[in-house]
Amino acid sequence: MPNYVPYLLLAFVAILITVVTAIRKREPFALFLHLSFAGMIYVFEVFVLVVFEAYTYYPKLSKNSFLDSMVGATFSDFFIVPSIGVLMAFYQFRWPWIIFSAAALGGVDVLFVHLGLYSHEGWTSWYTFFALLFFFSMCRIWIRKIQEGNHLFCFLAYLMFAFSTTDSTMFLMLLSGMRCMKMGIYHNPYRDDVILTVGFAFAVTLLLGSVIYATNKRRYWAAAWVIIIAGQYILYRTGHLILFVQPWIYAVAFLAFMGAATWMNVIGLKRLRAYVQKKKNYIST
């Protein structure tokens with residue numbers, strides 16, 4: 001059996017969990033929450049997977065071992081763990097279910113190591129178990145804070161939603177082979193590319209996401225676009241952004257990315273505010 005099959009099965013189960021939760025709860029906000037939780041896990045993985053290289057995935061979907069591990073991480077970070085988090089949040093499962101879910105995914109961790117689909121490089125399955133205990137318990141609290149309209153939690157949830165969509169889109173651009181970024185931090189050029197890509201994605205999130213969250217005035221959005229595009233141009237001129245296609249082709253692709261990021265941020269913010277307003281109306285009645 002090809003290595004990628006178990007990863008695809010996990011992704012299918014995760015999508016099913018989030019979709020069924022959204023349907024049963026009649027709440028499209030479940031998708032927003034899923035992506036927001038994915039953003040939180042992305043931040044965690046930057047340190048554990050990219051900086052410390054604590055484990056390695058082997059889905060065998062890319063010829064490059066580092067990028068292959070990053071693709072494998074996506075199945076866990078973007079699909080399965082956030083979907084369970086959504087389940088915990090919406091149904092407010094208590095500690096027995098949280099422990100069971102963390103133990104089940106910890107068991108998957110052990111199984112993947114046994115099957116050679118994943119390896120530990122200083123990590124252990126016990127770390128997975130305890131990290132998931134913390135994350136799933138946090139998910140229950142997080143949605144309650146959003147329902148209360150807590151401004152800090154709403155803003156952070158929105159930023160994490162924006163980060164997950166922005167970083168995922170920029171990672172697809174990385175995998176396309178049309179460009180690479182380098183800072184000289186790591187000897188492995190792909191690892192170097194990933195850390196700069198994540199850093200730039202987070203900068204885009206903070207700037208564009210914060211502006212969209214704060215105002216619906218398009219001139220401020222346009223100003224954010226100008227700054228972000230200028231940032232790409234500076235990286236290109238200083239040799240930190242290397243293109244393998246004609247500059248105009250990359251420019252078109254990057255503008256398409258900016259348009260997609262803006263659209264997703266706007267839609268996500270509408271979902272968040274509609275959900276908070278819905279809960280406020282429910283409480284007031």
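Once rounded to the nearest 0.5 Å, the distance linking CZ of Phe12 with CG of Leu16 reads 5.5 Å. Put simply, CE on Met160 and CG on Leu35 are 12.5 Å apart, with the number rounded to the nearest 0.5 Å. Within the model, atoms CD1 of Ile143 and SG of Cys139 stand 9.0 Å from one another, a figure rounded to the nearest 0.5 Å. If you take CG on Leu49 and CD1 on Ile41, they are separated by 13.0 Å, rounding to the nearest 0.5 Å. In this structure, OG in Ser164 is found 9.0 Å from CZ in Phe32, a value given to the nearest 0.5 Å. For the atom pair Ile195 CD1 and Met183 CE, the distance stands at 10.5 Å (nearest 0.5 Å).
The two residues Met40 and Trp142 make their nearest non-hydrogen contact at CE-CE2, 3.4 Å. Between Gly209 and Tyr158 the shortest heavy-atom distance is O-CE2, 3.2 Å. When all heavy atoms of His34 and Pro82 are compared, the closest pair comes out as O-CB, 3.4 Å. Closest approach of Asn265 and Phe161 over heavy atoms only: CA-CE2, 4.3 Å. Here the shortest heavy-atom pairing between Leu207 and Ala224 reads CD2-O, 3.8 Å. Closest heavy-atom contact between Thr166 and Ala261: OG1-CB, 4.4 Å.
In terms of modelled atom types and a separation under 3.5 Å, the side chain of Asp77 and the main chain of Ala38 share no donor-acceptor contact. No donor-acceptor distance shorter than 3.5 angstrom exists from the side chain of Thr18 to the backbone of Ile15, with no hydrogens or angles considered. Without hydrogens or angle criteria, Thr74 side chain to Met70 main chain gives a donor-acceptor distance under 3.5 Å. Side chain of Gln92 to backbone of Arg140: a donor-acceptor contact under 3.5 angstrom is found. Of the possible polar contacts, one joining the Thr197 side chain to the Asp193 backbone as a donor-acceptor pair under 3.5 Å is found. Distance alone, capped at 3.5 Å, places no donor-acceptor pair between the His187 side chain and the Asp192 backbone. Between the side chain of Ser36 and the backbone N or O of Leu33, no donor-acceptor pair lies under 3.5 Å. The backbone N or O of Ala73 sits nowhere less than 3.5 Å from a side-chain atom of Ser76 that would complete a donor-acceptor pair. Although no hydrogens or angles enter the test, the distance criterion places no donor-acceptor pair under 3.5 Å between the side chain of Ser125 and the main chain of Asp109.
Sparse packing is recorded around OH of Tyr4, with 12 or fewer heavy atoms of other residues, nucleotides or ligands lying under 6.0 Å away. Under a cut-off of 6.0 angstrom, the local environment of CZ in Arg144 is crowded, with over 12 non-hydrogen atoms contributed by other residues, nucleotides or ligands. Heavy atoms from other residues, nucleotides or ligands lying under 6.0 Å from CZ of Arg24 number 12 at most. Within a 6.0 Å sphere centred on CH2 of Trp95, heavy atoms belonging to other residues, nucleotides or ligands number more than 12. The environment of Arg179 atom CZ is dense: over 12 non-hydrogen atoms of other residues, nucleotides or ligands sit within 6.0 angstrom.
Under the 4.5 Å side-chain criterion, counting only non-hydrogen atoms from C-beta, Ile146 is in contact with Leu272. No side-chain heavy atom of Val81 sits less than 4.5 Å from a side-chain heavy atom of Phe44. In this structure, the side chains of Lys60 and Pro2 stay at 4.5 Å or more apart for every pair of heavy atoms. Residues Thr262 and Trp225 form a side-chain contact, since some pair of their non-hydrogen atoms from C-beta on lies under 4.5 Å apart. Between Leu152 and Lys145 the shortest side-chain heavy-atom distance does not fall below 4.5 Å. Residues Val204 and Phe200 form a side-chain contact, since some pair of their non-hydrogen atoms from C-beta on lies under 4.5 Å apart. Counting heavy atoms from C-beta on, the side chains of Pro6 and Leu115 never come closer than 4.5 Å. Counting heavy atoms from C-beta outward, Met88 and Met138 have side chains that stay 4.5 Å or more apart.
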As a quick check of understanding, evaluate side-chain contact (heavy atoms from CB on, under 4.5 Å) for Phe66 and Thr56, giving each step before the final call.
CA-CA 8 Å; Phe66 186 80; Thr56 305; over 6 Å; no
Walk me through whether Phe155 and Leu159 qualify under side-chain contact (heavy atoms from CB on, under 4.5 Å).
CA-CA 6 Å; Phe155 179 61; Leu159 280 187; 3.5 Å; yes
Go through it in stages, so that I can follow the logic: the residues are Phe171 and Val198, the test is side-chain contact (heavy atoms from CB on, under 4.5 Å), and I'd like the CA-CA distance, side-chain angles, deciding distance and then a yes or no.
CA-CA 8 Å; Phe171 186 61; Val198 172; over 6 Å; no
Is there a side-chain contact (heavy atoms from CB on, under 4.5 Å) between Gln232 and Leu235 once you walk through the steps?
CA-CA 5 Å; Gln232 279 283 284; Leu235 288 173; 3.9 Å; yes
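Between Phe136 and Phe93, a ring centre-to-centre spacing not shorter than 6.0 Å is recorded. Residues Tyr7 and Phe112 place their aromatic rings such that the two centres sit under 6.0 Å apart. Taking the six-membered ring for Trp, Phe29 and Tyr275 have ring centres closer than 6.0 Å.
Placement of Tyr58 and Val194 in two distinct hydrophobic clusters is found when ILVMFWY residues are connected by side-chain heavy-atom separations under 4.5 Å, directly or transitively. A single hydrophobic cluster is not seen to contain both Met264 and Phe257; linkage of ILVMFWY side chains at heavy-atom distances under 4.5 Å, directly or through other members, places them apart. Tracing side-chain contacts under 4.5 Å through hydrophobic residues (I, L, V, M, F, W, Y), one reaches Phe47 starting from Phe37; they form part of the same cluster. Following chains of ILVMFWY side-chain contacts shorter than 4.5 Å, one cannot reach Ile267 starting from Trp221, and the two form parts of different hydrophobic clusters. Under the 4.5 Å side-chain heavy-atom criterion for Ile, Leu, Val, Met, Phe, Trp and Tyr, Met170 and Ile229 are members of the same hydrophobic cluster.
Residues forming a side-chain contact (heavy atoms from CB on, under 4.5 Å) with Thr21 (at least two apart in sequence, or on another chain): Ile17, Lys25, Val86, Leu87, Phe90, Tyr91.
Taking the six-membered ring for Trp and thresholds of 30 and 60 degrees, Tyr55 and Tyr118 have ring planes inclined between 30 and 60 degrees apart.
Arg191 forms a cation-pi arrangement with Tyr186, by the criterion of a distance under 6.0 Å to the ring centre and an angle within 45° of the ring axis.
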